[in-house]
Amino acid sequence: MLSAKLRAALDNMLPGEDEDETYLAAPTLRDAAVLIAFTDRPDPGVILTQRPQWLRSHAGQVAFPGGKIDPGDRDAVDAALREAEEEIGLHRRDVMIAGTTGAYRSGSGYHITPVLGVIPPDLPLDPNPDEVEDWFEVPLDILFDPGNYDRQQAYWQGHDRHYYDMMWGGRRIWGVTAGIIVNLARRLPAGWHR
C-alpha cells in the first residue's frame, strides 16, 4: 500500500540540507501549508494545480493545493486539507495523511509546511475557478527526478534569486513548487514507492 510506503520513507529520510528562499524572505513569515497528494496506482503520480492567469499574485503558476493557515485551522494538516477541498474539491475523507516534512521559507514571505498524503486514483476533482484554472497529475518518477530540473538564476527585488525549473506536458513547474519537490526528491530513499 502506497501510504505505508510513504510513511516508511518519511521515517527514513536521508540526511541533507534543504534549500529554500530564506535569503529572500521577509523578517516575518506567515504560516501556510500545501498538500502533496500522491495517487495510489502502480505508477503513482502527484496532483498539481495551475492558477488562473487573472490573479494578482502568482498568476498562471503551477502549485500544490494549499494556502495560508487560518485561525480556525487546527494545524498545517487541517489547513492543507481545507485548501485542497476549496481549490479542487478533494474531500479530506479521500486523503490518507502520511506526514509532514520540514517547512520551506518562500521569498514571498511564507513558512510553508508540505503535507504528504495518498489519494485514490482518478477521483473526479472539481476545480474552483476563482482559485484554480486546471489541475493535472504528473508521474512521480518524472516529477521527483532532480535530474529533470534546471537550476536557474534571476535578479528579483534587489537579490539574485536561485530556483529550479522544469517543463512537463507544456507546463512550467518552477519556483517554490519545484523547490519543495527537489528537496523531497533528494531526501526520500531511492525507489521508496516500488
Side-chain angles (χ1 to χ4, degrees), residues 1-22 31-49 61-67 69 75-81 83-84 88 90 92 94-107 110-123 125 135-152 162-169 171-194:
M1 186 170 195
L2 187 62
S3 59
K5 291 177 182 178
L6 183 53
R7 276 193 296 278
L10 289 173
D11 288 343
N12 293 294
M13 287 186 68
L14 304 172
E17 288 289 318
D18 288 340
E19 293 182 61
D20 63 15
E21 298 173 343
T22 301
D31 288 325
V34 295
L35 179 65
I36 304 177
F38 295 84
T39 54
D40 193 358
R41 60 173 90 241
D43 291 317
V46 174
I47 302 297
L48 292 170
T49 67
Q61 288 188 0
V62 168
F64 295 111
I69 298 177
D75 54 21
V77 172
D78 194 43
L81 292 172
E83 287 283 350
I88 58 174
L90 175 58
R92 62 181 61 227
D94 292 324
V95 183
M96 185 169 294
I97 298 297
T100 63
T101 63
Y104 187 98
R105 291 157 201 83
S106 76
Y110 288 95
H111 181 266
I112 305 164
T113 299
V115 177
L116 283 65
V118 176
I119 64 171
D122 307 316
L123 287 173
L125 301 177
W135 68 272
F136 58 102
E137 181 179 347
V138 183
L140 178 64
D141 289 337
I142 292 171
L143 191 67
F144 276 68
D145 180 351
N148 289 332
Y149 292 86
D150 293 320
R151 188 173 165 125
Q152 303 287 340
H162 304 278
Y163 61 93
Y164 291 94
D165 196 342
M166 176 181 93
M167 290 297 294
W168 182 84
R171 298 178 199 261
R172 183 179 183 208
I173 303 167
W174 70 288
V176 170
T177 302
I180 290 170
I181 293 165
V182 169
N183 282 346
L184 269 172
R186 288 178 176 158
R187 302 209 39 224
L188 289 172
W192 67 265
H193 62 285
R194 303 265 178 238

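For reference, positions follow the sequence shown, starting with 1. Bear in mind that the values here come from a model prediction, so they are computed numbers and not experimental data.
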Colleague: Within 45° of the ring axis of Tyr110 and under 6.0 Å from its six-membered ring centre, is that where the NZ or CZ of Arg105 lies?
Modeller: no
Colleague: Specify the closest pair of heavy atoms between Ala9 and Leu188, including all atoms of both residues, with the distance to one decimal.
Modeller: CB-CD2, 3.9 Å
Colleague: Of all the heavy-atom pairs spanning Ala76 and Ile69, show the shortest one and how long it is.
Modeller: CA-CD1, 3.8 Å
Colleague: Does any part of the side chain of Met96, heavy atoms only, come nearer than 4.5 Å to the side chain of Met1, both counted from C-beta?
Modeller: yes
Colleague: Any luck finding a side-chain donor-acceptor pair between Glu137 and Thr39 under 3.5 Å?
Modeller: yes
Colleague: Going from CZ on Arg7 to CG on Leu2, what distance comes out if it is rounded to the nearest 0.5 angstrom?
Modeller: 10.0 Å
Colleague: Begin with the C-alpha distance, continue with both residues' side-chain angles, and end with the deciding distance and a verdict on side chain to side chain contact (heavy atoms under 4.5 Å, CB included) for Leu123 and Asp94.
Modeller: CA-CA 9 Å; Leu123 287 173; Asp94 292 324; 4.0 Å; yes
Colleague: Verify whether one side chain among Tyr164 and Glu19 offers a donor that lies under 3.5 Å from an acceptor in the other.
Modeller: yes
Colleague: Hey, are the side chains of Asp150 and Trp174 touching, using non-hydrogen atoms and a 4.5 Å cut-off?
Modeller: no
Colleague: Are the charged groups of Arg92 and Asp78 less than 4.0 angstrom apart, N to O?
Modeller: yes
Colleague: If I take atom CG from residue Leu90 and atom OG1 from residue Thr49, how far apart are they, to the nearest 0.5 angstrom?
Modeller: 12.0 Å
Colleague: Is there a side-chain contact between Asp31 and Thr113, using heavy atoms and a 4.5 Å cut-off?
Modeller: no
Colleague: Regarding His193 and Asp141, do their side chains bring together a donor and an acceptor under 3.5 Å, going by distance alone?
Modeller: yes
Colleague: Is it the case that more than 12 heavy atoms not belonging to Met13 sit under 6.0 Å from its CE atom?
Modeller: yes
Colleague: Which pair of non-hydrogen atoms, one from Ser3 and one from Ala98, has the smallest distance, and what is that distance?
Modeller: O-CB, 4.4 Å
Colleague: Measuring from atom CZ of Arg186 to atom CD1 of Ile181, what distance do you get when rounded to the nearest 0.5 angstrom?
Modeller: 12.5 Å
Colleague: Determine whether Leu10 and Leu116 satisfy the following criterion, side chain to side chain contact (heavy atoms under 4.5 Å, CB included), listing intermediate values before the conclusion.
Modeller: CA-CA 9 Å; Leu10 289 173; Leu116 283 65; 3.8 Å; yes
Colleague: Please walk me through it: do Asp165 and Arg151 pass salt bridge (charged side-chain N to carboxylate O under 4.0 Å, His left out)?
Modeller: CA-CA 6 Å; Asp165 196 342; Arg151 188 173 165 125; over 6 Å; no
Colleague: As a quick check of understanding, evaluate side chain to side chain contact (heavy atoms under 4.5 Å, CB included) for Phe38 and Ile119, giving each step before the final call.
Modeller: CA-CA 6 Å; Phe38 295 84; Ile119 64 171; over 6 Å; no
Colleague: For the atom pair CE (Met166) and OG1 (Thr177), what is the distance rounded to the nearest 0.5 Å?
Modeller: 11.0 Å
Colleague: What is the minimum heavy-atom distance between Tyr149 and Leu143, and which atoms define it?
Modeller: OH-O, 2.9 Å
Colleague: Please examine the side chains of Arg187 and Asp18, heavy atoms only from C-beta on, and report whether any two atoms are closer than 4.5 Å.
Modeller: yes
Colleague: Run the ring-centre check on Phe144 versus Trp168 and record whether the distance is less than 6.0 Å.
Modeller: no
Colleague: Using a 4.5 Å cut-off on heavy atoms from C-beta on, say whether the side chain of Ile173 contacts that of Val62.
Modeller: yes
Colleague: How long is the gap from CZ on Phe136 to CG on Leu48, to the nearest 0.5 Å?
Modeller: 4.5 Å
Colleague: Hey, mind stepping through Arg41 and Asp122 against salt bridge (charged side-chain N to carboxylate O under 4.0 Å, His left out) and telling me if it holds?
Modeller: CA-CA 9 Å; Arg41 60 173 90 241; Asp122 307 316; 3.1 Å; yes
Colleague: Please find the pair of heavy atoms, one from Ser106 and one from Val176, that lie closest to each other, and give the distance.
Modeller: CB-CG2, 3.8 Å
Colleague: As a quick check of understanding, evaluate side chain to side chain contact (heavy atoms under 4.5 Å, CB included) for His111 and Tyr104, giving each step before the final call.
Modeller: CA-CA 6 Å; His111 181 266; Tyr104 187 98; over 6 Å; no
Colleague: Might you point out which heavy atoms bring Phe64 and Ile180 nearest each other, and give the distance in Å?
Modeller: CE1-CG2, 4.0 Å
